[in-house]
Protein chains: 2
Amino acid sequence: MIEAVSPLPPADVLHVRDTCLCFAAQRAARKLARRFDAAFRPLGITNNQFSLMMRLSVPKPTTVSELADFLGIDQTTTTAALKALERGQLVILTPDDKDKRIRRPALTAKGANLMHAALPIWRAEHAQLDVELAGKSTVIRTALDRLAAPTPPSPNRKD
Amino acid sequence: MIEAVSPLPPADVLHVRDTCLCFAAQRAARKLARRFDAAFRPLGITNNQFSLMMRLSVPKPTTVSELADFLGIDQTTTTAALKALERGQLVILTPDDKDKRIRRPALTAKGANLMHAALPIWRAEHAQLDVELAGKSTVIRTALDRLAAPTPPSPNRKD
DNA sequence: TTCAAAAACATTGATATCAATATTTATAAT
DNA sequence: ATTATAAATATTGATATCAATGTTTTTGAA
């Protein structure tokens with residue numbers, strides 16, 4: 001059996017590097033994460049925690065799974081994220097009366113106060129980002145939403 | 001001292017939810033990561049490992065730091081990623097002759113072979129993605145590259 | 001009613017990520 | 001030549017992420 005040990009053709013490598021949307025998305029997301037993490041650092045929260053708690057700022061009752069859906073993350077990731085916020089007393093999880101499987105996450109007073117402090121920070125950072133993107137923000141967000149949209153059904157895909 | 005315990009105004013919450021580029025980027029990146037992770041799973045690698053090894057498929061000698069720069073990740077993250085690939089014998093780290101601080105990562109024969117198997121998988125998955133995006137791929141990639149671009153210098157920012 | 005299937009959440013193990021910090025080596029200034 | 005600084009990499013500790021799997025509770029079908 002002949003095994004290839006040669007490197008890939010340079011043209012192929014360059015093509016992947018210059019066109020891969022997955023790679024481009026990871027890189028862009030990391031960059032923005034670092035940026036907003038830095039902005040929120042004085043408050044002791046990350047950009048992820050901000051997004052999660054922003055969802056909890058809507059009075060509507062929520063579940064762990066609904067939260068996961070909204071954030072686009074796994075349910076197990078959500079459980080882990082909530083645990084950290086619980087430790088910091090920013091979020092409290094209350095068992096549901098009707099359905100004993102459900103634990104409803106909600107902001108504590110401390111968490112709500114923190115969001116009041118976080119909002120102007122988000123505003124300032126995002127305004128600066130908008131300036132840097134010179135009017136392209138909407139186009140970019142539309143593109144990102146498209147990437148996050150559910151995969152359209154296809155006869156070739158087994159989900 | 002009066003402390004606000006009320007939730008944020010619903011209009012503010014919705015505005016953040018609907019406009020935050022950081023959140024949109026995280027969600028899109030996670031979605032694509034899951035997708036390509038699944039595609040590469042038969043090979044036992046992740047989308048991140050694919051991107052890293054793709055860079056190593058360029059014959060040009062590299063360093064850990066240069067790799068970090070290219071991937072847009074921290075140098076410490078790169079060290080950790082290389083460690084996993086080393087364990088799998090897909091990558092080997094060789095001390096540099098001239099500069100004893102430098103360890104040069106390179107694909108092993110096993111790693112190169114794996115990339116030969118990975119390329120058609122990437123092609124197929126990306127082609128499918130392109131179809132789903134209905135001709136918007138280039139626009140989207142341009143947007144992502146813009147987000148990943150270095151922050152333009154500003155008198156207000158201290159880097 | 002009983003019981004199988006589904007739903008909600010948690011746990012484990014692995015990679016991924018970065019800030020803060022440490023270590024080793026090279027470079028530049030004195 | 002010494003020494004201070006910078007550069008390259010590694011380590012630690014925390015959150016982030018998901019697949020696989022387990023547990024408890026609910027729901028639906030026989």
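So you know, we letter chains A, B, ... as the sequences are listed, proteins then strands, and number each from 1.
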Task: Side-chain heavy-atom pair S137(B), L21(A) within 4.5 angstrom cut-off - done: yes
Open item on the list: Looking only at the side chain of T79(A) (C-beta and beyond, no hydrogens), which of the listed nucleotides dC9(C), dT11(D), dA10(C) gets closest?
Closed with: dA10(C)
TODO: Whole angstrom is fine here: how far is it from CD1 in I102(B) over to P in dA10(D)?
DONE: 11 Å
Task: Gap between atoms NZ and C1', on K83(A) and dA10(C) respectively (whole Å) - done: 7 Å
Task: Carboxylate-amine/guanidinium proximity below 4.0 Å for E66(B) and R104(B) - done: no
Open item on the list: Measure CG/L82(B) against P/dT9(D) and give the value in whole Å, please.
Closed with: 10 Å
Considering only distance and modelled atom types, tabulate donor-acceptor pairs under 3.5 Å from the side chains of residues 68-85 of chain B, sequence neighbours left out.
{"residue": "D74(B)", "atom": "OD2", "partner": "T76(B)", "partner atom": "N", "Å": "2.9"}
{"residue": "D74(B)", "atom": "OD2", "partner": "T76(B)", "partner atom": "OG1", "Å": "2.8"}
{"residue": "Q75(B)", "atom": "NE2", "partner": "T79(B)", "partner atom": "OG1", "Å": "3.3"}
{"residue": "T78(B)", "atom": "OG1", "partner": "D74(B)", "partner atom": "O", "Å": "3.0"}
{"residue": "T79(B)", "atom": "OG1", "partner": "Q75(B)", "partner atom": "O", "Å": "3.3"}

Open item on the list: Can you tell me how the ring of F50(A) sits relative to the ring of W122(A), calling it parallel under 30°, perpendicular over 60° and tilted otherwise?
Closed with: parallel
Task: Flag if over 12 foreign heavy atoms under 6.0 Å of CD, E86(B) - done: yes
Task: For atom CG of D37(A) and atom P of dA20(C), their distance in whole Å - done: 11 Å
Task: Geometric cation-pi criterion, R27(B) with F23(B): 6.0 Å, 45° - done: yes
Task: Pairwise side-chain contact, K31(A) with L147(B), heavy-atom cut-off 4.5 Å (strictly under) - done: no
- [ ] Round to a whole Å and report the spacing from CD1 of I73(A) to P of dA19(D).
- [x] 12 Å
TODO: Could you tell me whether a side-chain N or O of K136(B) sits under 3.5 Å from a main-chain N or O of R146(A), the two making a donor and an acceptor?
DONE: no
Protein-nucleotides 14-16 of chain C N/O pairs closer than 3.5 Å?
{"residue": "dT15(C)", "atom": "OP2", "partner": "R87(B)", "partner atom": "NH2", "Å": "3.3"}
{"residue": "dA16(C)", "atom": "OP1", "partner": "T46(B)", "partner atom": "OG1", "Å": "2.8"}

- [ ] Could you tell me whether T63(B) contacts a base, only the sugar-phosphate backbone, or nothing, with contacts defined as non-hydrogen atoms closer than 4.0 Å?
- [x] sugar-phosphate
Task: Phosphate OP1/OP2 of dA19(D) contacted by R34(B) side-chain N/O (<4.0 Å) - done: no
Task: Distance in angstrom units between E66(A) CD and dA7(C) P, rounded - done: 16 Å
Open item on the list: Output the rounded distance in Å from CZ (F40(A)) to C1' (dT17(C)).
Closed with: 18 Å
Task: Protein-nucleotide distance (K31(A), atom NZ; dT17(C), atom P), rounded to Å - done: 15 Å
Open item on the list: Between S65(B) and dT9(D), is there a contact of a side-chain N or O with OP1 or OP2 at under 4.0 Å?
Closed with: yes
Contacts under 3.5 Å, N or O only, protein and nucleotides 21-26 of chain C:
{"residue": "dA26(C)", "atom": "OP1", "partner": "K98(B)", "partner atom": "O", "Å": "3.3"}
{"residue": "dA26(C)", "atom": "OP1", "partner": "K100(B)", "partner atom": "N", "Å": "3.0"}

TODO: For D37(A) and N47(A), indicate whether the former's side chain and the latter's backbone hold a donor-acceptor pair under 3.5 Å.
DONE: yes
